[in-house]
Amino acid sequence: MRIATWNVNSIKAHLEQVSQWVKAEKPDVLCLQEIKCEDQAFPAPVFEELGYNCAVHGQKTYNGVAILSRFSIENVVRGLDGDANDDHARFLAATIPDGKKAVRVACLYLPNGNPAPGPKFDYKLGWMERLRVWALKEMQNEEPMVLAGDFNVIPSAIDAKNPKAWEKDALFLPETRAAFDRLQYIGLTDAFRSLHPGAPGHYSFWDYQAGAWPKNNGIRIDHLLLSPQAADFLQSARIHRDQRGNEKPSDHVPVEITLA
DNA sequence: ATGACATATGAGATATGA
């Protein structure tokens, strides 16, 4: 099963690029973040035409996540438990059976958290702990599980071209990285990093500003974290950096893994 | 230092992003 994640920075604004990529790459599952539209405005027919089922947890203007799948989408969960006041559409989970195995897939758009310190940073850290609690509970099933999405976390210095520039940023602060570590300590594996240990220069986001892309001034913040049962199937991980060079691109590119 | 750039809303300027 090939599973990809992509923060598309508005599905309406980048529908042509996303649909072209799906047509070319044909992932089995694609997790989308920042669709920035409500459920009924999601262009599901475009993807259904390409052979996909769609589950959408949308929101007007901000956030919004969706899962596309060539297989059926079952046991859908919309939103993350643990905070009744949280009305951001940032979390969507579903079980995807491919005929041989079933993979629990969580599509997530973790809060940015800037400026830090402040209420937005507190929200980010709280959200990360809620995600840890959710994932820990799911781990008890001892089944393949993938947490895929825009984590808004730079795990280590090698995941940024200029780590110094991010030292006071919510994406790279010690508290953020510690929360990401705690999430991994329940037994999750960073798919890309596990296959490319110590390799610098692999990024999934480049800012639109200040010529970040031509300077390759990027960061790796889009991740797929695997339960042990999913990690056992891990064959490859790939960042589709070429997508950032398209005309009018998203500022993120797809990250894809193969489980076989 | 602030803004640079991009998107949505809504029709100008502001909020958000990372």
dT7(B) versus dG12(B) - spacing of their C1' atoms, nearest Å: 16 Å
Atom CG of Asp81(A) with >12 non-hydrogen neighbours under 6.0 angstrom: no
Residue pairs passing the side chain to side chain donor-acceptor pair (under 3.5 Å) test where at least one lies in residues 191-202 of chain A, sequence neighbours excluded: Asp159(A)-Arg193(A)
P gap between dG10(B) and dT16(B), integer Å: 15 Å
Inter-nucleotide P distance (dA4(B), dA13(B)), Å rounded: 15 Å
Separation of atom CH2 in Trp206(A) from atom P in dA6(B), rounded to whole Å: 16 Å
Distance below 4.0 Å between His14(A) side-chain N/O and dA6(B) OP1 or OP2: no
N-O pairing of Asp190(A) and Arg220(A) below 4.0 Å: yes
Euclidean distance for C1', dA18(B) against dG3(B) (whole angstrom): 15 Å
Base-contact (B) and sugar-phosphate-only (S) positions in nucleotides 8-18 of chain B, heavy-atom cut-off under 4.0 Å, - elsewhere: SS-----BSSB
Sequence-distant partners of Arg182(A), side-chain hydrogen bond (donor to acceptor under 3.5 Å, both in side chains), two or more places apart: none
Salt-bridge criterion met for Arg2(A) and Glu256(A) (N-O under 4.0 Å): yes
Ring geometry between Phe42(A) and Phe47(A) (parallel below 30°, tilted from 30 to 60°, perpendicular above 60°): parallel
